[in-house]
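Reading through the structure tokens given below for one structure.
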Amino acid sequence: MSAYQSLTQMRVEISNYVAVATMNNPPVNAQSRELQDEISLAFDLMSDDDNVRVVVFTGQGKVFSAGADIKARGSMATQPAGQRQHLRSARESYHSIVECKKPVICAINGPALGAGLALVASCDILIASEQAALGMPE
């Protein structure tokens with residue numbers, strides 16, 4: 001089994017040295033801790049994969065990423081250092097994109113808000129659809 005197949009909220013497909021990395025956390029690709037950790041793992045794997053020369057990063061559905069998973073914030077308060085660990089996981093997901101050894105093209109297929117905008121800003125090249133919207137609603 002490929003390491004990519006273990007991912008549940010990220011899908012990575014490689015063809016002709018192009019990796020398409022797609023966030024898949026419906027309905028709005030909210031950045032849960034699991035998604036953040038999988039983004040980090042996926043980009044680390046692609047960075048070291050000789051079958052990848054470029055990465056196209058996008059979101060499944062109509063929204064690139066609506067940002068942080070607000071619903072998950074309640075459970076963070078009950079975990080020791082939960083908020084700090086979540087923020088560290090978020091930063092690591094952005095750093096894994098910035099540090100990727102391969103160029104990362106962000107295909108912004110819809111709104112990229114809050115933490116979604118941070119993902120976009122971590123990429124090397126940005127291509128936005130007509131449905132794209134960038135913002136910091138907070």
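Basis for what follows: all heavy atoms, side chains included, without hydrogens, waters or symmetry-related copies.
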Whether Lys62 side chain and Pro27 backbone form a donor-acceptor pair below 3.5 Å: no
SB check Lys101 Asp48 (cutoff 4.0 Å): yes
Gln5 side chain vs Ser2 backbone, donor-acceptor pair below 3.5 Å: yes
Check: Glu99/Ser47 side-chain N/O donor and acceptor closer than 3.5 Å: no
Sub-4.5 Å side-chain heavy-atom contact between Val54 and Lys102: no
Inter-residue atom distance Asp69.CG - Glu34.CD, 0.5 Å rounding: 10.5 Å
ring-ring contact (aromatic ring centres under 6.0 Å, His included) pairs, two or more places apart, involving residues 18-45: Phe43-Phe57
Straight-line distance of Ser89 OG to Asp37 CG, nearest 0.5 Å: 4.0 Å
Chi angles and distances behind the side-chain hydrogen bond (donor to acceptor under 3.5 Å, both in side chains) call for Gln36, Ser93: CA-CA 5 Å; Gln36 291 168 345; Ser93 68; 5.2 Å; no
Evaluation steps, side-chain contact (heavy atoms from CB on, under 4.5 Å), between Asp49 and Leu45: CA-CA 6 Å; Asp49 191 333; Leu45 290 169; 6.0 Å; no
Side chain Glu38, main chain Gln9, donor-acceptor under 3.5 Å: yes
Let me have the donor-acceptor pairs involving side chains of residues 10-26, under 3.5 Å, with sequence neighbours excluded, atom names and distances please.
from  : atom 1 : to    : atom 2 : distance (Å)
Arg11 : NH1    : Gln60 : OE1    : 3.4
Arg11 : NH2    : Gln60 : OE1    : 3.0
Asn25 : ND2    : Ala30 : O      : 2.7

Hydrophobic cluster membership, Ile97 vs Tyr4, 4.5 Å side-chain cutoff: yes
side-chain contact (heavy atoms from CB on, under 4.5 Å) assessment of Ser65 paired with Val28: CA-CA 6 Å; Ser65 176; Val28 295; over 6 Å; no
Ignoring hydrogens and angles, write down the donor-acceptor pairs under 3.5 Å from the side chains of residues 103-131, residues two or more places apart or on other chains.
from   : atom 1 : to     : atom 2 : distance (Å)
Asn109 : OD1    : Thr58  : OG1    : 3.2
Asn109 : OD1    : Gly59  : N      : 3.4
Asn109 : ND2    : Gly59  : O      : 2.8
Asn109 : ND2    : Gly61  : O      : 2.8
Ser122 : OG     : Ala118 : O      : 2.8
Asp124 : OD2    : Val104 : N      : 2.8
Ser129 : OG     : Ile108 : O      : 3.4
Ser129 : OG     : Asn109 : O      : 3.4
Ser129 : OG     : Gln131 : N      : 3.1
Ser129 : OG     : Gln131 : OE1    : 3.4
Ser129 : OG     : Ala132 : N      : 3.4

